[in-house]
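Right, one structure below, let's go through it.
It should be emphasised that the depicted structure is a prediction, and the values quoted were computed from it without experimental measurement.
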Amino acid sequence: MQHPAPRPRIPRASTPASAPATTSAAALPGARALPGPRALARLLAALALATLLALAGAPAAAPPAQAAPPIPSGGATSPNGRGDVILNLFQWTWDSVAAECESTIGPAGFGYVQVSPPQETIQGTAWWTSYQPVSYKIEGKLGDSAEFAAMVESCNSAGVEVIADAVINHTTGADGGSGTGTAGSSYGIDSFPGIYGAEDFNDCRTDITNYQDRYQVQNCRLVSLQDLRTGSTHVQDTLAGYMNDLLSLGVAGFRIDAAKHIPASDLSAIKSKLTDPDAYWVQEVIGASGEPVQESEYVGTGDVHEFDYARQLMSSFDGSIANLQTIADGKLPSAQAGVFVDNHDTERNGETMNSTWGAKYVLANTFMLSYPYGSPSVYSGYTFTDKDAGAPGATATSVPDANCDSDAWTCTQRWTEIQGMVGFHNAVAGTEVTNWWDDGANQIAYGRGDKGFVAMNNTGSATTRTYTSSLPAGTYCDVVASSDCSETITVAADGTFSATLPAYGALALHVGKTSEGTTPDPDPGTEPVAGKVSVSVQATTTFGQNVRIVGSVPALGSWKPASGVALDPAGYPAWTGSVDLPAGTTFEYKYVKVDDSGAAVWESGANRTATVGADGKLSLSDTWK
């Protein structure tokens, strides 16, 4: 059926951004970058454990399952908080991922970015060439090892950790014969010099024809791809060596491609050989009713993609969304389910929704980021008419940097609704569904305890009603309607409020985003104390520059330099001023130099944090950094 066009929203290029943190310099070309501090700590801990086991003569134990990605620690903070949401940037170069982490992904509050396979592959413009490894050199169409390491460091500095898509079930397609990879390595059928020979592939040399036959599924070729003998010690050591290489470059975990075609015991053995056997990973297991290989077999090593979740979203948004109240029934445990609206495969094969569904696609993402089931992954790819087409401008050996100013890239991470719902997800973490309401068809609403409330209208007409929530009284920003709190909803003391939802539209309120920029008091018996923050910063400027203080609350411009508080240079190089903020307000801030043209120069380092005292007083005395 035809799907409705998206409802009007702020242009995708309009991205609320916090101040960018300074990143380390990129590694020199051809040099191996040192691991980041968190990766180094994990590596040292793993080496220490291995040493102790060796001294004791004890065998290495199988790794425990690392379910649900932990919230990253360190790096720049975000006005949207920091959570466990994964952003899947399909076919983005390492340089473009690094820039997006700093400008958008970090400030939006994503915890992770998933990147496409980084190893050397066959040449070709089609996207699926990225899934045919030739060697495990970090030198593919998306960038080399030095660029990859610099990308990880940039993302980590922005508070975002990196998950790499790992292709470990197979190598190249037997139907492609021999050739030369993107890094110049030669290959042929059963011949990968210095890596694999014929003995490293499974005995079955035909394609899978019967998915009811476990042996075929896990030993024969998936669409001609040469199936590795993953039960072999040599193959396991080779694959673990590749993944350890990525861990040394700072990645936090892996998405395991085609995991269904690898016995779960083989994956467990490979993971046990990692320098960080607790590294997060999520496994692609495309389960289907009645098949012998099921998702539940793989929860022993980590998360598993729950494809039935995405399938049910498509069915419900084309039918009745009232049944989404029970979407978790009959599926993997929430703590080990990786959920998504679409991915690079399903957007092409029609198995799930995709961005061409317009406003319904936005609603589905709104639901995923607001309902407490699974670890959510937001997908961002590019437009296409040919399902095999590579990224815009791709050649046989390279892909241009992504360009969000072009309609060719979907750039969902920049959509107002997506950013607002990432903040919602982070703010309501740990709460259960409350105050569920539906009309039995295509209007639903529910709360997340006293932390948030969301309502959705999956119909072609606007609808107005009074909702009942558990939110404290206050005026809340509708985070799907605007990024600057220009659209608000007032909640009464009894938790009720009235609102009009547009056709195929939603609203979302949470305690982290109010018109005052502070969290509402669940017990509003006492009025907050009015406060005044005095500001002084030592900063030298050039002619025409002025200094402003900009921060995470509306009074400080919500990170917009033009809306920040201008400081007085009367005591130059001391710049002084004041800001009115209620007592108890915690906020992040930075100083920025702005010239007459509006060009802004941010100070370096992480965002500063401060809290107004209970007496309403706070003095900031800083030096530009």
Side-chain angles (χ1 to χ4, degrees), residues 1-4 67-68 84-86 88 211 255 259-260 282-291 293-299 303-379 381 412 417-418 421 424-425 428 432-433 436-446 448 454-459 504-506 508:
M1 64 177 291
Q2 185 175 359
H3 302 289
D84 62 354
V85 181
I86 299 168
N88 179 1
Y211 275 80
R255 179 250 184 194
K260 175 180 180 175
V282 59
Q283 300 153 102
E284 183 201 23
V285 182
I286 307 175
S289 178
E291 288 189 2
V293 181
Q294 291 294 313
E295 300 103 315
S296 57
E297 299 177 32
Y298 293 82
V299 296
D303 280 7
V304 181
H305 278 309
E306 181 54 272
F307 278 74
D308 279 343
Y309 178 91
R311 294 166 182 151
Q312 186 170 340
L313 286 181
M314 180 173 70
S315 173
S316 296
F317 278 97
D318 238 3
S320 169
I321 63 173
N323 60 27
L324 292 176
Q325 184 178 12
T326 57
I327 194 169
D329 292 358
K331 296 182 178 64
L332 291 167
S334 178
Q336 291 181 304
V339 297
F340 55 89
V341 177
D342 60 336
N343 66 25
H344 68 274
D345 283 320
T346 68
E347 73 162 343
R348 287 169 168 79
N349 66 19
E351 188 177 3
T352 66
M353 306 172 74
N354 59 43
S355 60
T356 65
W357 282 50
K360 285 193 174 190
Y361 181 76
V362 177
L363 283 178
N365 277 280
T366 298
F367 178 83
M368 177 181 69
L369 292 169
S370 61
Y371 193 86
Y373 174 76
S375 300
S377 177
V378 174
Y379 178 72
T412 50
E417 298 93 335
I418 296 295
M421 291 311 301
F424 182 99
H425 176 90
V428 304
E432 299 296 327
V433 169
W436 177 277
W437 170 86
D438 66 70
D439 68 348
N442 277 297
Q443 296 181 51
I444 62 174
Y446 50 92
R448 294 293 300 275
V454 65
M456 279 175 264
N457 173 27
N458 187 42
T459 76
Y504 301 107

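- The closest side-chain heavy-atom distance from His425 to Asp84 is below 4.5 Å.
- Every residue two or more places apart in sequence or in another chain that forms a ring-ring contact (aromatic ring centres under 6.0 Å, His included) with Tyr373 is listed here: Tyr309.
- Note that the CD atom of Glu306 and the CD atom of Gln336 stand 12.0 Å from one another [nearest 0.5 Å].
- Side-chain contact annotation: Ser377 with Asn88, donor-acceptor N/O pair under 3.5 Å absent.
- Remark: Arg255 pairs with Asp165, Asp257, Glu284 by the salt bridge (charged side-chain N to carboxylate O under 4.0 Å, His left out) rule, at least two apart or across chains.
- With sequence neighbours excluded, the residues forming a side-chain contact (heavy atoms from CB on, under 4.5 Å) with Glu351 are Ile286, Phe307, Arg311, Thr346, Asn349, listed by chain and number.
- Side-chain contact check for Tyr504 versus Asn457: every heavy-atom pair is 4.5 Å or farther apart.
- Applying the side-chain contact (heavy atoms from CB on, under 4.5 Å) rule to Ala310 yields the partners Phe340, Thr352; only residues at least two apart in sequence or on another chain are considered.
- The shortest distance between side-chain heavy atoms of Thr412 and Asn365 does not fall below 4.5 Å.
- Considering CG of Leu369 and CD of Glu417, their distance stands at 11.5 Å, rounded to 0.5 Å.
- Identified under the salt bridge (charged side-chain N to carboxylate O under 4.0 Å, His left out) test for residues 329-346, with sequence neighbours left out: none.
- When the side-chain contact (heavy atoms from CB on, under 4.5 Å) test is applied to Asp438, the partners found at least two apart in sequence or on another chain are Ala322, Gln325, Trp436, Ile444.
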